[in-house]
Amino acid sequence: MLDIRFIRENAALVQESATRKGYSVDIRELLRLDDARRQLQQQVDALRTKRNEIATSMKGGKPEQGLIDQGKQLKVELAEREQYLLAADNEFSDLLKKVPNIIFDDVPLGGEEDSEEIRKWGDQKVGAKDHLDFALARDWVDFERGAKVAGAKFYYLKGDLALLENAITQFALDLVIKKGFTYMTVPHMVNARVAEGAGFAPKGDASANEYFIEGEDLTMIGTAEAPLTGYHADEILEEKNLPLMYAGYSPCYRKEAGTYGKFTRGLFRVHQFNKLEMYIFCLPEKSAEMHELIVQTEEEIWQSLGVPYHVINIAAGDLGAPAAKKYDLEYWSPVDEKYRELTSCSNCTDYQARGVNIRVRRSDGALQSVHTLNGTAVSLARSLIAVIEHYQNDDGSLTIPEVLQPYMGGRERI
RNA sequence: GGAGAGAUGGCCGAGUGGUUGAAGGCGCACGCUUGGAAAGCGUGUGUGCCAGCAAUGGUACCGCAGGUUCGAAUCCUGUUCUCUCCGCCA
């Protein structure tokens, strides 16, 4: 959520950012509702002032019929005005919630194809067996039984591939802990307030990618980002305690409606996968620096694993509502002979922090919204694809990346 | 799932329908005191919204939502969460 005062003062900028992102919000209409709401607020406040004056003048003394009647009259007027105010407030805040975060100046304009490559690492080798065929041949993955038990795009991982998943997780976890992140497990469901505050679509929104629990105010998380955002909701953090760096591990549940096809084959896009997520709460002036820290950590993980990648600066049209800027790491796929999305990290500035009311008390006593950032350490299903594509052998075996061998009982190949 | 108890400021904790933004304490900030510190003493110390250049003023907030009343932290109803006990259970 953006600050309405910021929007009032930067209406054109906010409108432009929203349009660049592809969101159809009408800032002029928002400001009109804001005005209407403020006028009603003033009327209500004036009536309440009168009510309080009458009540105070009767304090302790004997009740006077004239004043009581006046009070009763006011109560009726006030109730009516308050109703208008409530309605205006709701209309206003519904629209306010739809306004996406502004984008940074260095975000490329345009759509998905306009994202800019910033760095690349490793060789773009070509030719490998499809990960699904490879894994099926070893009986490492079972989508058919996943479908039988849950539905399409659910799966079982078996044996050494399941162990490899654990090894990748543990390796990445050790690395992010060394960077100063605190490991956390998190609730796998969050309430609507937290989900929407973090910028996820509400229940009933057709575009929502989350599963909602019927009859309860709960959403299955699509990422640990949601419960991590809510962790400090309604808190005032101390400047001296920032940055707070968390690494949350959880399954991610996503509907991914209508995303079938060649490039989502196998484990690439599934309804459930495990993920280790980095999350930072920091001072506003530090968020750009923290964003670089996160992306560098991601690069360190993939360099250690020996998987070639490039980093792209995501174009405006491909940014989510909360993000002011986003980097994706895409690994080079020798199968598809192109880069494919592997991790993602966003600077959400104060958008999420406002959404769930997280502030920092500066050393001079001032209160300010914190900035939040999130980034994938490893998302497991996709990480497995990248490793299989790069470490497969002709005899159907898989060489274990050196850094993972300690986590696989010292085995060098499976 | 059942029964009981509770929810008040950064924390602990008072609170009779009006004198309560809310006693008292702790913490914190500043000052005095001191060679320096501690102790002691003094002063100050919530947030949101609205108006205002500002000083400031208005308004709301005692888990949340309604209700009663001229007036609610206080009375009533509902609800959420926490704790204790029972049930169930990895």
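In this text, all values refer to a predicted model and were calculated from it rather than measured experimentally. Chain identifiers are assigned alphabetically (A, B, ...) following the order of the sequence lines, protein sequences preceding nucleic acid strands; residue numbering begins at 1 within each chain. Computed over heavy atoms, backbone and side chain alike; hydrogens, waters and symmetry mates excluded.
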Examine the side chains of A/Asn191 and A/Asp217 and answer whether a donor and an acceptor come within less than 3.5 Å of each other.
no

Looking at A/Arg8, does any N or O in its side chain come under 4.0 Å of the phosphate oxygens OP1/OP2 on B/C50?
yes

A/Tyr156 six-ring face occupied by A/Arg145 cation (under 6.0 Å, within 45°):
no

B/U59, B/C70, B/U47: which one has an atom nearest the side-chain heavy atoms of A/Thr49?
B/U59

For B/U56 versus B/G63, give the span between their P atoms, rounded off to a whole number of Å.
30 Å

Between B/U80 and B/U16, how many Å separate the two C1' atoms, rounded to a whole number?
29 Å

Expressed in whole Å, how much space separates the P atoms belonging to B/U47 and B/G52?
22 Å

When the P atoms of B/G46 and B/U82 are compared, how many Å lie between them, rounded to an integer?
31 Å

Any side-chain donor paired with an acceptor under 3.5 Å for A/Asp328 and A/Thr343?
no

B/C83 pairs with which nucleotide, Watson-Crick or G-U wobble, both distances below 3.5 Å?
B/G4

Distance check needed: B/G46 C1' versus A/Asp234 CG, whole Å only.
15 Å

Across all strands shown, which nucleotide pairs with B/C32 by Watson-Crick or G-U wobble geometry, both distances under 3.5 Å?
B/G40

Using Watson-Crick or G-U wobble geometry with both distances under 3.5 Å, which nucleotide pairs with B/C89?
none

Can you check the A/Gln43 CD to B/A60 P distance for me, whole Å?
16 Å

Rounding to the closest angstrom, what is the interatomic distance between B/G13 and B/A23 at atom C1'?
10 Å

Taking the C1' atom of each, how far is B/G10 from B/A29, in whole Å?
13 Å

Classify the nucleic acid contact of A/Leu367 as base, sugar-phosphate or nothing, counting any heavy atom under 4.0 Å across all strands shown.
sugar-phosphate

B/C70 - base-pair partner by Watson-Crick or wobble geometry, distances under 3.5 Å:
B/G18

Counting heavy atoms from C-beta on, name the nucleotide in B/C49, B/C70, B/A60 closest to the side chain of A/Arg37.
B/C49

Using heavy-atom distances to pick each residue's nearest nucleotide on RNA chain B, tell me which of A/Gly71 and A/Gln42 is more 5'.
A/Gln42

NA contact type, A/Arg354, heavy-atom cut-off 4.0 Å: base, sugar-phosphate, or nothing?
nothing

Starting at atom CZ of A/Arg48, determine the distance to atom P of B/C49, rounded to an integer number of angstrom.
15 Å

Should A/Arg38 be listed as having a side-chain N or O under 4.0 Å from OP1 or OP2 of B/C49?
no

Say whether A/Asp45 and A/Gln41, considering side chains only, have a donor N or O and an acceptor N or O under 3.5 Å apart.
yes

Steps toward side chain to side chain donor-acceptor pair (under 3.5 Å) verdict (A/Ser346, A/Lys325):
CA-CA 6 Å; A/Ser346 299; A/Lys325 183 178 179 181; over 6 Å; no

Is the phosphate of B/C70, meaning OP1 or OP2, less than 4.0 Å from a side-chain N or O of A/Lys50?
no

So, does A/Asn52 get its side chain near the phosphate of B/G58, meaning an N or O under 4.0 Å from OP1 or OP2?
no

P atom, B/A3 versus B/A14: distance in rounded Å?
28 Å

Nearest whole angstrom, please: distance from the C1' of B/G58 to the CD of A/Gln41.
10 Å

Whole Å only: how far is the CZ atom of A/Arg361 from the C1' atom of B/G27?
13 Å

Going by distance alone, is a donor N or O of one side chain under 3.5 Å from an acceptor N or O of the other, for A/Asn313 and A/Ser115?
no

Looking only at side-chain N and O atoms, does A/Arg51 come under 4.0 Å of OP1 or OP2 in B/U69?
no

Lys/Arg cation over aromatic A/Phe273: A/Arg382, 6.0 Å, 45° cone:
no

Tell me: CG of A/Asp35 to C1' of B/A51, nearest whole Å?
14 Å

Measure from NZ or CZ of A/Arg340 to the centre of the six-membered ring of A/Phe268 and say whether it is under 6.0 Å with the direction within 45° of the ring axis.
yes

Spacing of A/Leu86 atom CG relative to B/U59 atom P, expressed in whole Å
20 Å

Base paired to B/G57 (Watson-Crick or G-U; both N/O distances under 3.5 angstrom):
B/C50

B/C12 to B/G18 separation - C1' atoms, rounded to the nearest Å:
28 Å

With a 3.5 Å limit on both atom pairs, tell me what B/C26 is paired to, counting Watson-Crick and G-U wobble, or say none.
B/G10

Nearest-Å distance, CD (A/Glu235) to C1' (B/U47)?
16 Å

What does B/A65 pair with, Watson-Crick or G-U, if both distances are under 3.5 Å?
B/U77

Establish, with yes or no, whether the OP1 or OP2 oxygen of B/C49 is under 4.0 angstrom from a side-chain nitrogen or oxygen of A/Arg5.
yes

Within the pair A/Lys75 and B/C70, is there a side-chain N or O less than 4.0 Å away from OP1 or OP2?
yes

